[in-house]
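In what follows, every heavy atom counts, from backbone to side chain, and hydrogens, waters and symmetry copies are set aside.
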Amino acid sequence: MVQLINIKMKTIINSFFAVVLLILSSCGLTKDIATPLKDVPVNFRGVETINDNASIGAIPVKAFFNNPAILNLIDSALLRNFDIQIALKNIDAAELMLKRAKLGNIPQLNLQVTANSNRPSDNSLNGLSTSQFLGTKHLEDFNANLSLSWEADIWGKIAKQKDAAYAGYLQSEEVKKAVQTRVVSQVASGFYRLLMLDAQLKVANSNVELNNNTLKMIKMQFDAGQVTSLAIQQAEAQQLKATQLIPQIKQEISIQENALSFLSGKFPSAIERATTLEQITISDQLAVGVPSTMLSIRPDVKSSELDLRIANAKVGIANAQLYPSLIITASGGLNSFKASNWFNIPASLFGVVGGGITQPIFNRKELKTQFELAKVEREQSVLLFRQKVVAAVAEVSDEQSKIVNLKTEYAIAQNRVATLQLAVKNSDLLFKSGMANYLEVITAQGNLLQGELDLTSLKTAQLNAGVALYRALGGGWQ
């Protein structure tokens, strides 16, 4: 008979919950906002025809940088850089949060074991009742039970929490990639600047030697009475100006080496170059592909896209908070008023099954405000994503324009330096033959010094523009 009653009770409870689930599941939730990528241009500005070439952003780091010295520095930075290591720890934290979110649908199961002894007052109602009916002055209670609690994910709240955690995990991966692209770009640019400083130091030393020879000739002419002391003073001033550059450049070399050491997670030390700026070639084949390709591989854009996904999930979670929650509980175990009967089975067995629906009432206004706030934050995510896309496309166009114009400027600077080198050579010959004065020689040498320094700066700017374009197109994390 008892078994029949239990079966009927279970049937009634199951039917009740089935009806409740059917009614509640008929309600709808807000829809997610799709990623706004419809108005992206088919090509970058400055490219006349549709560029179907593969983007350099998809090229691995070791294929884009073909210099062993740069690759060694990059490998060291990727292994020891503090920002990258912090990003990796953020990935570990996001993975743990994802694992926790995946446990949302699993019922909570708790084990509880208690033993109580209660001695009520003899003059209290409990004391009189205990003494009269049980013949004892002590009440003992021994209990051991397992309790289970499970929330039905009717509105998809738990599913949205999982989606938000998974998007957060993916975002931590993209942030790590973005940090890596930045570090690779900084290492390459720092290395190129170090080569530029080496080249400028060589130019300064060469110019000092040239000025020393000129100063010697002017002193010989002064001894012969052909020039005044003003000529010697002008030549010495020019020679000191070139000499002054040497300690300045050496200081900058030391600072740049320290910066590269820091990027590599090491204490300040000398950086092995094993190459010169002249030996570094500038590639003419820097395909940019199409904007859609760039957006699909650029980490910061993908991170912003995941921000929108997280915002969608938060709207769903906030919306689900407005609706009733269904929680099913069950507990069972052993209970006895005597320790000797505690594990007397089946007499000490007990079981309880229940279910409840909770609907927020007084705090509904607060939950509604949180829901509206989540929708506003989602709209902000949409705008931030669009801003990131426009900025990314503009950045590629900027670097592409730099490469084109720096190439023209560098060609002009090469012609200028060649002309100045010829001018210095001719001025020296004319000065020795008395057909040019010392001012013309000094001016020619000063112009050559500045021209050669500018040439090294322009070549470095070209190399850095190529690196910046590689990063703008999403390269550096492969």
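Inspection of the Q85 and K89 side chains reveals no N or O donor paired with an N or O acceptor under 3.5 Å. Side chains of Q200 and T456: a donor on one and an acceptor on the other come within 3.5 Å.
Side-chain atoms of V203 and L455, non-hydrogen and from C-beta on, never get closer than 4.5 Å to each other. Between F267 and S261 there is no side-chain heavy-atom pair separated by less than 4.5 Å. Residues L286 and F64 meet the side-chain proximity criterion, which asks for heavy atoms closer than 4.5 Å. Between L277 and T460, some side-chain heavy-atom pair lies under the 4.5 Å cut-off. Two residues are said to be in side-chain contact when any heavy atoms from C-beta on lie closer than 4.5 Å; Q414 and L458 fail this criterion. You'll find the side chain of E440 stays beyond 4.5 Å of the side chain of L430, heavy atoms only. A heavy-atom distance below 4.5 Å is found between the side chains of R182 and V179. A heavy-atom distance below 4.5 Å is found between the side chains of V301 and F385.
Legend: residues meeting salt bridge (charged side-chain N to carboxylate O under 4.0 Å, His left out) with R193, ordered by chain and number and at least two apart, are E252. Scored by the side chain to side chain donor-acceptor pair (under 3.5 Å) test, K388 finds no partners at all (sequence neighbours excluded). Every residue two or more places apart in sequence or in another chain that forms a side chain to side chain donor-acceptor pair (under 3.5 Å) with S401 is listed here: N405. By the side-chain contact (heavy atoms from CB on, under 4.5 Å) test, L420 pairs with R416, N447, L448, sequence neighbours left out. Checked against side-chain contact (heavy atoms from CB on, under 4.5 Å), A63 has the following partners two or more places apart in sequence or in another chain: I59, P60. When the ring-ring contact (aromatic ring centres under 6.0 Å, His included) test is applied to F371, no partner is found at least two apart in sequence or on another chain. In this view, E151 and K157 satisfy the side chain to side chain donor-acceptor pair (under 3.5 Å) rule, not counting sequence neighbours. In this structure, the salt bridge (charged side-chain N to carboxylate O under 4.0 Å, His left out) partners of E174, at least two apart in sequence or on a different chain, are K177, K302.
Of the inter-residue distances, the one linking L103 atom CG with L98 atom CG reads 10.0 Å to the nearest 0.5 angstrom. For the atom pair T443 OG1 and Q445 CD, the distance stands at 9.5 Å (nearest 0.5 Å). To the nearest 0.5 Å, the span separating CD on E173 from OG on S303 amounts to 11.5 Å. Between L367 atom CG and N319 atom CG the span is 10.5 Å, to the nearest 0.5 Å. To the nearest 0.5 angstrom, I280 atom CD1 is 14.0 Å from M196 atom CE. Put simply, CG on L308 and CZ on R386 are 9.5 Å apart, with the number rounded to the nearest 0.5 Å.
Within 6.0 Å of atom CE in M97, 12 or fewer heavy atoms from other residues, nucleotides or ligands are found, so the atom counts as exposed in its surroundings. Other residues, nucleotides and ligands place more than 12 heavy atoms under 6.0 Å from the OH atom of Y410. Enclosure of atom CD in Q248 by more than 12 non-hydrogen atoms of other residues, nucleotides or ligands within 6.0 angstrom is indicated. By the neighbour-count criterion of 12 heavy atoms within 6.0 Å, atom NZ of K314 is sparsely surrounded, having that number or fewer from other residues, nucleotides or ligands. Within a 6.0 Å radius of NZ in K375, other residues, nucleotides and ligands contribute more than 12 heavy atoms.
Judged by distance alone, with hydrogens and angles left aside, the side-chain atoms of E366 form no donor-acceptor pair with the main-chain N or O of N363 at under 3.5 Å. Panel note: side chain S296, backbone T293; a donor-acceptor pair is recorded below 3.5 Å. Panel note: side chain W155, backbone P324; a donor-acceptor pair is recorded below 3.5 Å. Under the 3.5 Å distance criterion, the side-chain polar atoms of S457 are matched with a main-chain donor or acceptor of L453. No side-chain donor-acceptor contact under 3.5 Å links S185 to the backbone of T181.
Between W477 and P299, the shortest heavy-atom contact is CD1-CG, 3.5 Å. Closest non-hydrogen pair, A69 versus E272, comes out as CB-O, 4.2 Å. Minimum interatomic distance between L322 and K368 (heavy atoms only, all atoms of both residues): CD2-N, 3.5 Å. Pairing each heavy atom of L263 with each of N81, the nearest pair is O-ND2, 2.8 Å. Closest approach of I249 to A204, counting heavy atoms only: CD1-CB, 4.2 Å. Minimum heavy-atom separation, A472 to V396: O-CG2, 3.6 Å.
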Under 3.5 Å donor-acceptor pairs involving side-chain atoms of residues 376-384, not counting sequence neighbours:
from, atom 1, to, atom 2, distance (Å)
R378, NH1, K31, O, 3.3
R378, NH1, N312, OD1, 3.1
S381, OG, E377, O, 3.1

Compile the donor-acceptor pairs under 3.5 Å between side chains in residues 70-79 and protein atoms, sequence neighbours left out, one pair per line.
from, atom 1, to, atom 2, distance (Å)
N72, ND2, P68, O, 3.2
S76, OG, R80, NH1, 2.9

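Of the candidates D153, I154, T358, T358 is the only one forming a side chain to side chain contact (heavy atoms under 4.5 Å, CB included) with S325.
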Does the side chain to side chain contact (heavy atoms under 4.5 Å, CB included) test come out yes or no for I33 and V315, once each step is laid out? CA-CA 10 Å; I33 294 180; V315 170; over 6 Å; no
Between Q180 and K176, does the side-chain hydrogen bond (donor to acceptor under 3.5 Å, both in side chains) criterion hold? Intermediate values first, please. CA-CA 6 Å; Q180 183 171 324; K176 180 258 181 183; 3.1 Å; yes
Given the rule in the side chain to side chain contact (heavy atoms under 4.5 Å, CB included) test, do I91 and Y169 qualify, once you have shown the distances and angles that lead to the verdict? CA-CA 6 Å; I91 293 176; Y169 171 72; 4.0 Å; yes
Take T276 and D198 through the test side chain to side chain contact (heavy atoms under 4.5 Å, CB included) and record every step on the way to the result. CA-CA 8 Å; T276 63; D198 287 342; over 6 Å; no
Would you sort out whether L148 and T329 count as a side chain to side chain contact (heavy atoms under 4.5 Å, CB included), showing the intermediate values? CA-CA 6 Å; L148 181 144; T329 59; over 6 Å; no
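The residues K402 and E409 are annotated as not salt-bridged, no charged nitrogen and carboxylate oxygen being separated by less than 4.0 angstrom.
Residues in residues 201-212 take part in these side chain to side chain donor-acceptor pair (under 3.5 Å) pairs, two or more places apart or across chains: N207-N211, N212-Q239. Residue pairs meeting the salt bridge (Lys or Arg N to Asp or Glu O under 4.0 Å) criterion with at least one member in residues 285-298, sequence neighbours excluded, are R298-D300, R298-E395.
Ring pair F65/Y470 is perpendicular by interplanar angle, where above 60° counts as perpendicular and below 30° as parallel.
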